[in-house]
Novice: 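Could you have a look at this structure, given as structure tokens, before my questions?
Numbers for residues simply follow the sequence, beginning at 1.
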Amino acid sequence: MNVEDSGCPAPDGGAPVPRALFDTQTLEALDWASAGAVWRLAEPGRQLDANVVRIPPERRVDTHTEPDLDVLLLVVTGDGILVTSDGPLPLSAGTLTWLPHGSTRALVAGERGMSYLTVHQRRPGMQIQPVGSRDPAPGRRQP
């Protein structure tokens with residue numbers, strides 16, 4: 001059950017309006033076939049990216065480094081371990097963690113699995129460019 005925000009405009013076509021996007025209390029009722037990103041912010045014109053991600057019990061997100069963006073990670077259900085270069089950091093529901101750009105990390109879900117919200121600055125979309133053209137976003141990897 002992957003759900004994306006529908007990107008609904010304001011009712012009158014005017015200024016954007018605040019609204020509820022996702023109820024994290026529904027996560028406990030999902031089966032583990034719904035692992036991975038179960039919700040993504042898809043509002044047009046947004047400045048942020050956000051995802052709700054589920055990791056099944058005792059599964060992991062492999063070690064990786066985010067070179068460009070700081071990320072906030074909020075555990076909303078379950079528990080697990082954030083593996084860092086400084087060692088393991090226990091995570092439980094309610095733990096808010098800052099993952100600074102350039103940091104290397106992995107996530108390991110506990111016995112009950114783990115669901116978490118990530119929020120970071122929106123990345124510009126990747127664009128296919130002619131060979132020899134100047135990269136419009138230095139530091140971004142091209143496909």
Novice: Please assess D49 against L41 for the test side chain to side chain contact (heavy atoms under 4.5 Å, CB included), listing each intermediate value before the final yes or no.
Specialist: CA-CA 6 Å; D49 276 333; L41 183 63; 5.7 Å; no
Novice: Keeping R59 on the side-chain end and P56 on the backbone end, is there a donor-acceptor pair under 3.5 Å?
Specialist: no
Novice: Which heavy atom in G45 sits nearest to a heavy atom in R122, and how many Å separate them?
Specialist: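 So the two residues come closest at N-NH1, 4.2 Å.
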Novice: Check the surroundings of atom NE2 in H64: do more than 12 heavy atoms from other residues, nucleotides or ligands lie under 6.0 Å from it?
Specialist: yes
Novice: Do the side chain of R40 and the main chain of A42 share a donor and acceptor less than 3.5 angstrom apart?
Specialist: no
Novice: Could you measure the distance from the CG atom of D70 to the OG atom of S103? Nearest 0.5 Å is fine.
Specialist: 8.0 Å
Novice: A side-chain contact here means heavy atoms from C-beta on lying under 4.5 Å apart; do L74 and V119 qualify?
Specialist: no
Novice: With a 4.5 Å cut-off on side-chain heavy atoms, are D68 and H101 touching?
Specialist: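 No. Closest side-chain heavy atoms not under 4.5 Å.
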Novice: Could you state whether V38 and V76 fall into the same hydrophobic cluster, counting links through intermediate Ile, Leu, Val, Met, Phe, Trp or Tyr residues with side-chain heavy atoms under 4.5 angstrom apart?
Specialist: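 In one cluster with V38: V76, yes.
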Novice: Would you say the side chain of L107 lies within less than 4.5 Å of the side chain of L91, judging by non-hydrogen atoms?
Specialist: yes
Novice: Could you please spell out the steps behind the side chain to side chain contact (heavy atoms under 4.5 Å, CB included) verdict for T104 and T84?
Specialist: CA-CA 6 Å; T104 299; T84 73; over 6 Å; no
Novice: For the residue pair L21 and W39, establish whether any side-chain heavy-atom pair is separated by less than 4.5 Å.
Specialist: yes
Novice: Can you name the nearest heavy-atom pair linking L117 to A50, along with the distance?
Specialist: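 Minimum heavy-atom contact is CD1-CB, 4.3 Å.
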Novice: Donor-acceptor pair, E43 side chain versus R46 backbone, under 3.5 Å?
Specialist: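 The answer is no, because no donor-acceptor pair under 3.5 Å joins these two groups.
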Novice: After noting the C-alpha distance and the side-chain angles of E111 and E58, does the key distance pass the side chain to side chain contact (heavy atoms under 4.5 Å, CB included) rule?
Specialist: CA-CA 6 Å; E111 292 179 2; E58 300 179 348; 3.4 Å; yes
Novice: Would you find a donor on one side and an acceptor on the other, under 3.5 Å apart, between the side chain of T65 and the backbone of P67?
Specialist: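 No, T65 side chain to P67 backbone: no donor-acceptor pair under 3.5 Å.
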Novice: Closest heavy-atom contact between P88 and P90?
Specialist: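 Where P88 meets P90 most closely, the heavy atoms are O-CD, 4.0 Å.
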Novice: Identify the heavy atoms of R112 and P57 that sit nearest to each other, and give their distance.
Specialist: C-CG, 4.0 Å
Novice: Please name the residue in the list L72, L99, L73 that meets the side-chain contact (heavy atoms from CB on, under 4.5 Å) test with T118.
Specialist: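 Only match with T118 under side-chain contact (heavy atoms from CB on, under 4.5 Å): L73.
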Novice: Minimum heavy-atom separation for R54 and D31, please, with both atom names.
Specialist: NH1-O, 2.9 Å
Novice: Quick one: are L89 and I81 in side-chain contact, heavy atoms under 4.5 Å?
Specialist: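 Counting from C-beta outward, L89 and I81 never come under 4.5 Å.
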Novice: Heavy atoms, side chains only, cut-off 4.5 Å: are I55 and M114 in contact?
Specialist: yes
Novice: Taking the side chain as everything from C-beta on, heavy atoms only, tell me whether L27 gets closer than 4.5 Å to V52.
Specialist: yes
Novice: May I ask you to decide if Q25's main-chain N or O and D23's side chain share a donor-acceptor pair within less than 3.5 Å?
Specialist: yes
Novice: Would you mind reporting whether V71 and W98 have side-chain heavy atoms less than 4.5 Å apart?
Specialist: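 The answer is no, as the side chains (C-beta and beyond) never meet within the 4.5 Å cut-off.
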Novice: Between H120 and L69, what is the shortest heavy-atom contact and its length?
Specialist: ND1-CD1, 3.4 Å
